[in-house]
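Below, chains carry the letters A, B, ... as their sequence lines are ordered, and counting in each starts from 1. Side chains are part of it too, since the values below use all heavy atoms of this structure and drop only hydrogens, waters and symmetry mates.
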Protein chains: 2
Amino acid sequence: MTARKPRIGQSRATLSDVAAHVGVSAITISRALNKPDLVSEALRQRIDEAVRLLGYVPNRAARALASTKSNSIVVLVPSLSNAVFVDTLAAVHDKLYPAGYQMLIGDTRYSPEQEEKLLRTYLEYNPDGILLTGFDQTPAAQQLLAASNIPTVHMMELDEGGRPCVGFSQFDSGYALTSLLLAKGYRRIAFLAAQLDPRTLRRGDGYRAALQQAGLYDASRELTEPNPSSVGMGGGLLARLLAQAPDCDAVFCNNDDLAVGVLFEAQRRGIRVPQDLAIAGFNNLDMSAWSNPAITTVATPRYATGSEAADMLLALMAGRQPASLKVDLGFELLARDST
Amino acid sequence: MTARKPRIGQSRATLSDVAAHVGVSAITISRALNKPDLVSEALRQRIDEAVRLLGYVPNRAARALASTKSNSIVVLVPSLSNAVFVDTLAAVHDKLYPAGYQMLIGDTRYSPEQEEKLLRTYLEYNPDGILLTGFDQTPAAQQLLAASNIPTVHMMELDEGGRPCVGFSQFDSGYALTSLLLAKGYRRIAFLAAQLDPRTLRRGDGYRAALQQAGLYDASRELTEPNPSSVGMGGGLLARLLAQAPDCDAVFCNNDDLAVGVLFEAQRRGIRVPQDLAIAGFNNLDMSAWSNPAITTVATPRYATGSEAADMLLALMAGRQPASLKVDLGFELLARDST
DNA sequence: CTGTTAGCGCCTTCAT
DNA sequence: ATGAAGGCGCTAACAG
């Protein structure tokens, strides 16, 4: 036998349905669910049972409307096919979910315009907080953010202007990896990249600075592609590179998948790694540790970035002042057999 | 015209703020935004300007509450670190976004319990539709779904019971790949898998059926790990396999990353591929096409699955009967040099 | 084409 | 520890 709801249609049970069932007022049900200590033990149990019986599911829209808190936070990343951002998202989720927040995930596909569109849409959800990747928001997006007055933390890069951020210096990492190659004696070092996003550009700046400082910079050794990086593209980039600068003795790949692709292509061409050509990657993706030879790379703090950014956001949302508004998580050079 | 209450605080502009500014009623603004043809050209322009001027952003919670339509759909996938699901998500987005729907993405981490939790939470958003992976929902989750009465489409597998679904036969694909190996003359074929989800199990069933049929099945050649698959794990699995069944002449890896890991480990051990050991993978991930040798695999319809599933959901949500409630997208065997 | 009247389901503020 | 009244911002259903 089913309890008949005095409501038309078969829309789901509401707070007052549960209230009617238990014989108390709606607000008491609300309290039992949200602030259990304010309701007596006995009542609470009866309420819980009624909730189960009626299959009551709270209506988030109503709650958000009435409380002006949505309990959801927007997270915008440039790509979901890059393990870097997936790991970061996982960390954010691990931190925010226990705190009662729902993630609204947006994939900007490396486009500030798309990011702006997503932001506009997600702002309609009245998010309590926002997590963005980098600082290359469109002016309109920046305005939206400013006007919304919603706590926002930027991930993956460091800001000089005081905006809350968690990441590491992209420039320094590019500089450091290039310096490592220089220290190992390589002199004709190429730079291969896909997806010219701001972080890639900044790593490239680091690469260039290191080489110029050593008097070894040669623009013909820098090669990029507009598409998302992949193993296949790594091979293609090496082919292009060898055509225009056949004397390279090392390549700095902006992502490990490119590096693995370069390795595969080198093998196909009978180029020995690292004897004829050294290969370095970036991001320390799983596969680069296991190839033959294993690939030198830069371990970047992706999980930690998500975790720290979520912490900072939690603080900001609670109105607390975070310990620091600029958290530099650093990076680690992993020298392996490919260099 | 109704009275506009001057709002306190700096909460953002509402419909009636815009209405007051323009000198019309709130509903007219609402219409100008949602059903522009119902509003005169001239008024619409003035409204658009006021919207821009005040930085008006609609409140989704209020709209959802008033219209009992949330314009969002829930998509639950087992993992975001598997390219398969990321591609599927991309397809769903490409289809649903233009139709005005927002995706609420949930990562179940291959756990039905986690899936149930996510479902419970996301149901609070009153989604207009639901996209799930596979059919292994917990009983409670199934009840929730049934009670919610929300159109739902299952992805990646095929159902016999009439539930809407888009995918391919996991069993057949496992059977077909194993048959290919048998046809090539391999006799001692191993099966390596991570993440024993229902799809993996079903592929394993196909593998087993093919071998049993040929009188060649040997349980000691089946190896699994509970953790998510990765290149590194592929190497580990090969090591374990060779310890307990050193005479294998082929391995069927449940995912391409495992296959690449097996290849790397084989190289390290001086095992020639495919002469000493043939390697086959699954899912046709980018890298498997470029390794040396390239890896035989099964191309699965991940983008198409998302796309078709979204179409079917769109039809269901519109109250239309989809052409078919069970769409079999098939799969393709890609024989390459590793076998 | 535009306006009025309600009320979506819940929570806030005050009461008891 | 529990309840009553009111309203969050928007749109459905009817006017006109």
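- Of the side-chain N and O atoms in B:Ser67, none sit less than 4.0 angstrom from OP1 or OP2 of D:dT11.
- Side chain of A:Ala62, nearest nucleotide from C:dC11, C:dG9, D:dT2: C:dG9.
- Distance CG (A:Leu15) to C1' (D:dG3): 13 Å, rounded to an integer number of Å.
- Residues B:Glu157 and B:Pro198 come closest through the heavy atom pair OE2-CB, 4.1 Å.
- Under 4.0 Å is where a charged nitrogen must lie from a carboxylate oxygen, and between B:Glu116 and B:Arg120 at least one such pair does.
- When each of B:Val39 and A:Ala26 is assigned the nucleotide of DNA chain C with its nearest heavy atom, B:Val39 is the one assigned upstream, toward the 5' end.
- At a cut-off of 3.5 Å, with distance as the only test, no side-chain donor of A:Gln45 or A:Glu49 sits close to an acceptor on the other residue.
- We find that CG of A:Leu65 is positioned 10 Å from C1' of C:dC11, with the value rounded to whole Å.
- Nearest approach of A:Tyr122 to A:Ile105, heavy atoms of both residues: OH-O, 3.0 Å.
- Between B:Asn59 atom CG and C:dC11 atom P the separation is 15 Å, expressed in whole Å.
- One finds no side-chain N or O of B:Thr14 lying less than 4.0 angstrom from the OP1 or OP2 phosphate oxygen of D:dG9.
- Taking 4.5 Å as the limit, every side-chain heavy atom of A:Val75 sits out of range of all side-chain heavy atoms of A:Thr88.
- Ring planes of A:Phe135 and A:His154: parallel class, angle under 30° (limits at 30 and 60°).
- In this model, the phosphate group of C:dC10 is approached by a side-chain N or O of A:Tyr56 to a distance below 4.0 Å at OP1 or OP2.
- Atom CZ of B:Arg60 is separated from atom P of C:dC10 by 20 Å (rounded to the nearest Å).
- Protein atom CG of A:Leu38 is 18 Å distant from nucleotide atom P of C:dA15, rounded to whole Å.
- Proximity of residues 27-37 of chain A to DNA chain D (heavy atom under 4.0 angstrom from any strand atom) is restricted to A:Ile27, A:Thr28, A:Arg31.
- To the nearest angstrom, C1' of C:dT12 lies 15 Å from NZ of A:Lys69.
- With sequence neighbours excluded, the residues that form a salt bridge (charged side-chain N to carboxylate O under 4.0 Å, His left out) with A:Asp311 are A:Lys95.
- In this structure, A:Leu123 places its CG atom 15 Å from P of D:dG9, rounding to the nearest Å.
- In this structure, the CZ atom of B:Arg12 is 12 Å from the C1' atom of D:dC10, given to the nearest Å.
- Contact between the side-chain N/O atoms of A:Ser40 and the OP1/OP2 oxygens of D:dT2 is found at a separation under 4.0 Å.
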